[in-house]
K.L.:
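First the structure, which I've put down as structure tokens, then a few questions once you've had a look.
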Amino acid sequence: MSKKVRVRFAPSPTGGLHLGGVRTVLYNYLFAQKYGGDFIVRIEDTDQSRYVAGAEEYIFDTLKWCGLEPDESVQHGGDFGPYRQSERKDSYRQYAEQLVKEGNAYYAFDTSEELEKMRAEYKSEQNPSPQYDQTLRMKMKNSLTISAEETKKLLEANAEHVIRIKVPENETVAFTDMIRGEVHFDSSLLDDKVLLKADGMPTYHLAVVVDDCLMQITHAFRGEEWLPSAPVHILLWKYLFGIENMPQWAHFPLILGPNGKLSKRDGSKYGFPVFSMNWMDPKTNELTEGFKEKGFIPEGFINLLALLGWNDGTEKEIFSLEELIEAFSMERVHSAGAKFDYEKAKWFNHEWIKKSGVGSLKSGVKKLLEQSGVTVADEALLDKVIELVKDRCTLLPDFVQQSSFFFKAPETLDTDSVKPKWNDAKQLFFVELIRNYELTQQWNTATLESNFKEIASVNSLKPGELMLPFRIMLVGGKFGPGVFDIANVLGKGETINRIKTALDIFSTH
RNA sequence: GGCCCGUUCGUCUAAGGGUUAGGACACCACCCUUUCACGGUGGUGAUACGAGUUCGAAUCUCGUACGGGCUACCA
């Protein structure tokens, strides 16, 4: 019998969550859902110096907005807590000590100045970044180079120290990545990574292994930037818990910006969002725009993320979350990095806005409308309007332009598009149109249109030359859905009012 | 520099030895619509290079080039 699938997303709360992070969440979530497993969110806050207020909250807000709720987390509870590594601090030291005892790690007493000195000393063109590794560790101050008594004395005197892994020589460290297949490393080239820091906190390397074990994680997914440190984690698994208990790894391809790994800088530079939601850096007060505020709906955001590095092998591109769960497989995740294409991202959102029902769009649209100063008193009208204009909205804010005039008569008219060609015949036409519309019993799009065209033809006018003025009268500018649809939704009184108002403006000056 | 990962239209990708190398976004043209979209039809456009294996290679192997990542008491 195989173990229950348990996966985790392990973010460091240092700022906004960007595209790649959310995609990692998504793939974790899809995998867990697909196999009836648990999805855990564990906060990796072992670096106090990088603590950023609000970042943790932000992560959970994003998950909520996306509809990717964890089964276990700081906020959701669970039997494997605490889910914040800073609160698990005490549990790590014993594992580090165990490694030392068994000869797989050692105490190192080097100060940061000494480390700097070492790097400066051994730095060369051939070796621009010297590592604390098997070639150098015997030249440093650690429990390998000083006597046991001296080590003991230093420890008892509470001398500042770290614990480093003692990477073996000439060993091939290999594992099978679910996406990339066999990957191997020569241990001689690895450095002796710090496992336990001077402040007693573990580094990522120790914490990820210990917590994945304690939380019974069966599959560990993360970005490709972690691949180079995977051998350290493999070694730790081997020493601590047994390689046979290690989760299966998958390293996701990176999401690239125009110049390599996507960064929030790319966003402001190229005009597209990078973070899931707006993020205000509490230190600098710098605001980074998010997909949510830009006008993406969760369905669109999830969909575009899912297809960035994965596809189901068919030509299907539009997937709901449920469909993704059904279709997802780790084997079909690409191994190559994917450059983010904002145009395509918008296309996904557009498809989802078109596909969405009025119900799911309504509250967002209403909020946007009201933010722009439009009061929405009539909910039924809003429903009708959304249905009418959603096909031409790519981003949520597009609804403002496309539908404000339904709720509020235009304040200014684009007279430039009308006046040069305005004449008495047109003036008369609209006077007659008002009369006709006043009398009509059939207030619907088809009747409005046929009456309009009939009057035009009786007066030997081309309907085409009259429709643009009509649009400007109702809308104020050259946009919006079909003009007779607009008149229909606006209703008799309002339509006639707007024609009258505009006629005054067009005929004077 | 070293190590690791990668390489099919501009972008996301399909094709797991035999296809006119398929689709989507973007772009262009036409149709629809005399607002703009939506929609429809068509078009431009790719297997990085060199060897090898094979009757046959985008697909397997090797090399080269290029791209990316990592190289902290950060994750």
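Below, chains carry the letters A, B, ... as their sequence lines are ordered, and counting in each starts from 1.
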K.L.:
Rounding to the closest angstrom, what is the interatomic distance between B/G42 and B/U61 at atom C1'?
P.N.:
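Going atom to atom, C1' in each nucleotide, I get 42 Å.
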K.L.:
For RNA chain B, which residues in residues 248-262 of chain A have a heavy atom at a distance below 4.0 Å?
P.N.:
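Within this stretch, A/Leu254, A/Gly260, A/Lys261 sit under 4.0 Å of the strand.
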K.L.:
Select base, sugar-phosphate, or nothing to describe what A/Arg222 touches, counting heavy atoms under 4.0 Å on all strands.
P.N.:
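It contacts nothing in the nucleic acid.
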K.L.:
Classify the nucleic acid contact of A/Thr394 as base, sugar-phosphate or nothing, counting any heavy atom under 4.0 Å across all strands shown.
P.N.:
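Touches nothing.
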K.L.:
Using the P atom in both, what is the distance from B/U41 to B/C32, to the nearest Å?
P.N.:
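Their P atoms lie roughly 15 Å apart.
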K.L.:
Heavy-atom contacts under 4.0 Å between residues 117-133 of chain A and RNA chain B, which residues?
P.N.:
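Heavy-atom cutoff 4.0 Å gives A/Arg119, A/Glu125, A/Gln126, A/Pro128, A/Ser129, A/Gln131.
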K.L.:
OP1 or OP2 of B/C73 less than 4.0 angstrom from a side-chain nitrogen or oxygen of A/Arg50, does that happen here?
P.N.:
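No, A/Arg50 has no side-chain N/O under 4.0 Å of OP1/OP2 on B/C73.
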K.L.:
Are any of the side-chain heavy atoms of A/Ser417 and A/Lys478 separated by less than 4.5 Å?
P.N.:
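A side-chain contact under 4.5 Å exists here.
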K.L.:
Using the P atom on both, measure B/G67 against B/A24 and round to a whole Å.
P.N.:
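Pairwise P distance, B/G67 against B/A24, rounds to 32 Å.
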K.L.:
Check whether any side-chain heavy atom of A/Val52 sits under 4.5 Å from a side-chain heavy atom of A/Lys283, and report yes or no.
P.N.:
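Sidechains of A/Lys283 and A/Val52: in contact.
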K.L.:
Between the base of B/A26 and the side chain of A/Lys344, is there any donor-acceptor pair under 3.5 Å?
P.N.:
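Flag unset: no donor-acceptor pair detected.
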K.L.:
Categorize A/Val183 for me: base, sugar-phosphate, or nothing, with a 4.0 angstrom heavy-atom threshold over every strand shown.
P.N.:
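The residue A/Val183 makes sugar-phosphate contact but no base contact.
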K.L.:
What distance, rounded to whole Å, do you find between the two P atoms, one in B/U13 and one in B/U8?
P.N.:
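Here B/U13 and B/U8 have their P atoms 9 Å from each other.
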K.L.:
Reckon A/Asp110 touches a base, only the sugar-phosphate, or nothing at all at heavy-atom distances under 4.0 Å?
P.N.:
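Base: the residue A/Asp110, judged by heavy atoms under 4.0 Å, touches a nucleobase.
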K.L.:
If we take the P atom in both B/U20 and B/A58, what is their distance in whole Å?
P.N.:
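It works out to 13 Å between them.
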K.L.:
Restricting to ring pair (Phe, Tyr, Trp, His ring centres under 6.0 Å), what partner residues turn up for A/Tyr58, sequence neighbours left out?
P.N.:
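For A/Tyr58 the ring pair (Phe, Tyr, Trp, His ring centres under 6.0 Å) partners, ignoring immediate neighbours, are A/Trp279.
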K.L.:
Whole-Å distance between B/G22 P and A/Asp312 CG?
P.N.:
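In whole Å, B/G22 P and A/Asp312 CG are 19 Å from each other.
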K.L.:
Relative to the ring of A/Tyr342, is the ring of A/Phe340 parallel (under 30°), tilted (30 to 60°) or perpendicular (over 60°)?
P.N.:
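Aromatic pair A/Phe340/A/Tyr342 classed tilted.
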